[in-house]
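In what follows, a single structure is set out as structure tokens and then discussed.
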There are 2 protein chains.
Amino acid sequence: MTLVAKHNKLSRRSGCPLNASVEMLGDRWSLLIIRDMMLRGFRTYKEFMDCYEGIATNILADRLQKLVSYGIIEGEPDPSDGRKLIYRLTKKGIDLAPVLTEMVLWAAAHEDTGNQELVRLMRADKEKFLAGVRMRWSNDRPKPS
Amino acid sequence: MTLVAKHNKLSRRSGCPLNASVEMLGDRWSLLIIRDMMLRGFRTYKEFMDCYEGIATNILADRLQKLVSYGIIEGEPDPSDGRKLIYRLTKKGIDLAPVLTEMVLWAAAHEDTGNQELVRLMRADKEKFLAGVRMRWSNDRPKPS
DNA sequence: TATTTAACTTGCAAAATGCAAGTGAAATGT
DNA sequence: ACATTTCACTTGCATTTTGCAAGTTAAATA
């Protein structure tokens with residue numbers, strides 16, 4: 001049984017595309033979850049939990065559900081371990097790569113931040129970096145990373 | 001008296017640049033405020049208030065203050081009307097244009113959204129669009145738009 | 001001088017978030 | 001086979017953030 005997106009936003013504050021983005025992603029955790037899937041290959045609840053100490057268990061569960069309901073990620077049970085749910089970025093989720101990239105480059109340019117390696121990689125050749133992400137996450141392959 | 005940015009985040013959840021971005025912009029209103037300054041030339045509290053019914057007066061005040069404290073916008077009194085405060089994007093704020101652009105294009109590609117005119121413009125030539133924003137907001141000019 | 005306007009505060013209710021503890025099904029260890 | 005551990009969550013409750021309505025203050029306008 002694969003979890004499927006059932007996206008039923010009742011009313012949107014405005015028709016502007018940016019508003020839609022903000023309503024889906026404008027919170028403290030969603031983009032970080034997506035980043036860790038995209039860049040670090042996280043796939044299970046536990047991986048997220050162990051990683052950022054800071055996110056509350058109920059909030060993580062809630063965010064994962066919401067991302068599924070928006071069609072940004074999808075979850076299916078691990079065939080080799082019935083307890084585990086494997087989350088994966090959908091096409092829609094992978095398409096957030098340029099958004100994440102610009103946010104990373106902006107912060108790196110204006111704030112004192114770490115992970116300079118990633119930043120250099122992105123800055124050196126944005127398109128190449130994006131192509132890499134898309135390749136590693138191409139939907140043909142069952143397991144990215 | 002020009003309000004100046006005094007940016008003193010006490011502790012950051014992680015050094016990742018994305019985390020920095022999310023901490024500054026990851027809420028329901030900040031990016032919309034920036035969009036309206038960038039694209040619609042909004043400059044005063046009242047303009048924001050009148051526009052989106054939906055934002056609470058105290059939240060708007062709080063967000064404007066925070067954006068100032070992050071150095072994304074700055075506010076100075078209108079010389080011709082002592083009641084008014086004119087807010088303006090800083091360089092750091094203008095540099096958010098690529099982030100907004102990617103968020104708009106992402107939502108437009110995956111959601112049912114309005115403002116197709118803007119979307120077409122952005123899609124047709126992203127760099128040209130960005131150049132236009134930067135030009136209109138170049139710091140030489142006192143009043144953008 | 002009286003009223004209006006702009007930009008906020010303040011007080012309080014409602015919603016979202018965070019934290020600790022608990023649950024239930026599946027795997028693992030003995 | 002049975003007890004323990006692991007995984008992916010809930011639940012309950014305190015704290016924080018948001019939203020709404022009603023002030024407030026200084027400056028402009030009638």
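Order of the sequence lines sets the chain letters (A, B, ...), proteins ahead of strands, with each chain counted from 1. Below, all heavy atoms of this structure are taken into account, side chains as well, without hydrogens, waters or symmetry copies.
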To the nearest 0.5 angstrom, please state how far the [atom1] atom of [X] sits from the [atom2] atom of [Y].
X: A:S30; Y: A:L96; atom1: OG; atom2: CG; result: 10.5 Å
X: B:L39; Y: B:F129; atom1: CG; atom2: CZ; result: 4.5 Å
X: B:Y45; Y: B:D50; atom1: OH; atom2: CG; result: 10.5 Å

Spacing between [X] atom [atom1] and [N] atom [atom2], to the nearest angstrom:
X: B:L64; N: C:dT9; atom1: CG; atom2: C1'; value: 15 Å
X: A:D50; N: D:dT6; atom1: CG; atom2: C1'; value: 11 Å
X: A:L60; N: D:dA8; atom1: CG; atom2: C1'; value: 9 Å
X: B:I33; N: C:dA7; atom1: CD1; atom2: P; value: 13 Å
X: B:L85; N: C:dT9; atom1: CG; atom2: P; value: 11 Å
X: B:F48; N: C:dA6; atom1: CZ; atom2: P; value: 15 Å
X: A:F42; N: D:dC7; atom1: CZ; atom2: P; value: 14 Å
X: A:D81; N: C:dG24; atom1: CG; atom2: P; value: 20 Å

Would one find a side-chain N or O of [X] under 4.0 angstrom from OP1 or OP2 of [N]?
X: A:Y87; N: D:dC7; value: no
X: A:Y45; N: D:dT10; value: no
X: B:K46; N: C:dA6; value: yes

### Contact pattern, 5' to 3', of nucleotides 11-22 of chain C - B, S or - by protein heavy atom under 4.0 Å
B-----SBBBB-
### Task
Could you give me the CA-CA distance, side-chain angles and deciding distance for B:R63 and B:D27, then say whether side chain to side chain contact (heavy atoms under 4.5 Å, CB included) is met?
CA-CA 10 Å; B:R63 283 317 104 93; B:D27 74 275; 3.3 Å; yes
### Query
Does B:A107 offer a backbone N or O that forms a donor-acceptor pair with the side chain of B:E111 under 3.5 Å?
no
### Task
Keeping the roles fixed (side chain from B:W137, backbone from B:T90), state whether a donor-acceptor pair exists under 3.5 Å.
no
### Selected nucleotide, minimal atom distance to B:R83 side chain, candidates D:dT10, D:dA8, D:dA28
D:dA28
### Task
Might you confirm whether atom CG of A:D112 has over 12 heavy atoms from other residues, nucleotides or ligands at distances under 6.0 Å?
no
